[in-house]
Each structure stands twice: as C-alpha cells, then as structure tokens.
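Scroll down for the structure; my scribbles are underneath it.
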Amino acid sequence: MPDITLTTLQSLKLKGEKITMLTCYDATFARAASQAGVEMLLVGDSLGMVLQGHDSTLPVTNADMAYHVASVKRGNQGALIVADLPFMAYATVPQALSNSAELMQAGAHMVKLEGGAWLVPTVQQLTERGIPVCVHMGLTPQSVNVLGGYKVQGRQEHQARQLQADALALEQAGAALLLLECVPSDLATQITQAAKVAVVGIGAGSGTDAQVLVLHDMLGLSLSGRVPKFVKNFMAGQPDIQSALAAYVRAVKDVTFPAPEHGFSA
Ligand code: KIV
C-alpha cells in the first residue's frame, strides 16, 4: 500500500470511496492490518480496556500511548497512524502541545482528542505547529462520568444542532479529520455531507466517509462479554486473522458494513 496521507484521505472522500480504520496497539497487528489495506491505524486509548483490563479509558497515560505508538510504527506498512491523547493530556493548550509532540515523535502522523467547540484553540495551536488533529465527538468515552454511561449522543434536537455547529467550528479551526461515535445515522450523514474533511464513524451508520472498529471487537474477542450493537465479528466464517482483516476492508469499501442494524435512529 502506498503511504496514506491527509491528501489521500481528501481524495478518497472526494471520489466517494469509503476509508478504513482499525484500532491497533502493536507491531504484529500493524503489519497485518496495513497489509490487508486498512488505511488508518488508530492507537486508541481503548487499549486501557482491551489490553490493560481497566473498566474505562481514564487510567491510560501519555507514556502508555507513546509506547504503543512506537510499537505500531515498527510494524506499519504505509497506513496513517492516529494516536489518542489520553484523559487529561490536553486539559490545557500547553499540555496538548507537549503530549502531542511526544506521540508524534514516537511515530504518530496525527493526534486525536475528544470534545467539542472548547477544543477550538487547541486544534488551532496544534495545527499551526504542524500536528494534524482528529476530533472525536458524540460519545466521548473519556467523559463517561459526565455523560452518565456509554450512551447514544445527539438524539435530541438541541444536541444534534450542537454537534453540527461544533463539527463546523472545529473544521474551521483546522481539524483534519472528525470522528463520530454513537450518534444517529441520519445526523452523522448530515455532518459528513457538510464537512470538507473526512468523517469517521463508529456506531454512526454507513453515511460517514470512513469506518473504525476496535480490533479486538471485530475479531470476536470480548473481555467484558458486552458486545456493542455497532460491532460485527469479522472472524466468523474466516480461516484466519489476515482473512478477517481483509473481509473488514472489503465490507467497508463495498458498504455492506455497517448494515442498518449496526446504527442508531434519532
Ligand atoms: O480509543 C479508541 O479505540 C477509540 C475508538 C473507539 C474510536 O477512540
């Protein structure tokens, strides 16, 4: 696979070709996923749950993230590496700058932050200093204690309007990628159509430009036994992991995943 850049994402969006992303935390899976054609590897702070066994992403540190970014970089073959800034690593702009620098120096090509319009100054400063930013909106797991659980966001009219306005403001501030988690499919489609940058979805229907899943979920592995509605097990019917990764890429590209039952209504 040729090296994926922001320009590649932009041209895939313009062509209407769906873009694939998976979480990834180590060199072996980075090699396997990038060889399968996955365009973006997300070193997600979900590693706190799926690798470390915590019940939320809150205990993950920036040092944990940098360690896994460096591992993914060593196995990656051309995918764009996006790294999560963990809980409280971007509470202030100076923290965001120094923690992002650590992740970029470990091998990330872009950092991801969770939030809304309050991130505008952070996105501006990071972008101006050469760090592309993805903003994760909707269900933001680092705020699970404020949200009162892992719940669909944007179902109420005022919430939907707020999400749309925040997405626009963040794009204007320089966000290079947006990610919508657990929002009604129609709302995600509207935000995607309004955005100039690519929009990634998880539990956001098939109308977004890109799809992401947690690697362990799509391989049918679950520590908690609770499988979210938006997950599909791509190991089912496949002889090995490499084939499951290829099946995921095919399903996103031909828009057979996500199916309507993987999404949420308003
Ligand atoms: O940390 C993560 O894995 C994520 C995905 C759920 C999008 O942010």
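Numbering of residues begins at 1 and proceeds along the displayed sequence. Order of appearance sets the numbers: ligands from 1, and atoms from 1 within every ligand. Computed from a predicted structure; not experimentally measured.
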In a table with atom names and distances, give each donor-acceptor pair under 3.5 Å that connects a side chain of residues 91-101 to protein atoms at least two apart or in another chain.
from   : atom 1 : to    : atom 2 : distance (Å)
Thr92  : OG1    : Gln95 : N      : 3.2
Thr92  : OG1    : Gln95 : OE1    : 3.3
Gln95  : OE1    : Ala91 : N      : 3.3
Gln95  : OE1    : Thr92 : N      : 3.1
Asn99  : OD1    : Asn62 : ND2    : 3.4
Asn99  : ND2    : Ala89 : O      : 2.8
Asn99  : ND2    : Gln95 : O      : 3.1
Ser100 : OG     : Ala96 : O      : 2.6

Distance-only criterion, 3.5 Å: show the donor-acceptor pairs between side-chain atoms of residues 106-123 and protein atoms not counting sequence neighbours.
from   : atom 1 : to     : atom 2 : distance (Å)
His109 : ND1    : Ile81  : N      : 2.8
Lys112 : NZ     : Asp84  : OD1    : 2.7
Lys112 : NZ     : His136 : ND1    : 2.7
Glu114 : OE1    : Gln142 : N      : 2.8

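- Salt bridge status for Glu17 with Lys253: present, with a side-chain N to carboxylate O gap under 4.0 Å.
- In this structure Gln35 satisfies the side-chain hydrogen bond (donor to acceptor under 3.5 Å, both in side chains) test together with Gln77, sequence neighbours excluded.
- For OH of Tyr67, the number of neighbouring non-hydrogen atoms (other residues, nucleotides, ligands) closer than 6.0 Å is 12 at most.
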Output, or 'none' if empty, a list of ligand 1-protein atom pairs in which both atoms are N or O and the distance is under 3.5 Å, rounded to 0.1 Å.
from     : atom 1 : to     : atom 2 : distance (Å)
ligand 1 : 1 (O)  : Asp45  : N      : 3.2
ligand 1 : 1 (O)  : Asp45  : OD1    : 3.1
ligand 1 : 1 (O)  : Ser46  : N      : 3.0
ligand 1 : 1 (O)  : Ser46  : OG     : 3.3
ligand 1 : 1 (O)  : Asp84  : OD2    : 3.1
ligand 1 : 3 (O)  : Ser46  : OG     : 2.5
ligand 1 : 8 (O)  : Lys112 : NZ     : 2.8

Margin query: Please determine whether side chain to side chain contact (heavy atoms under 4.5 Å, CB included) holds for the pair Val135 and Leu179, giving the CA-CA distance in whole Å, both sets of side-chain angles, and the decisive distance to 0.1 Å.
Written below: CA-CA 6 Å; Val135 184; Leu179 188 149; over 6 Å; no

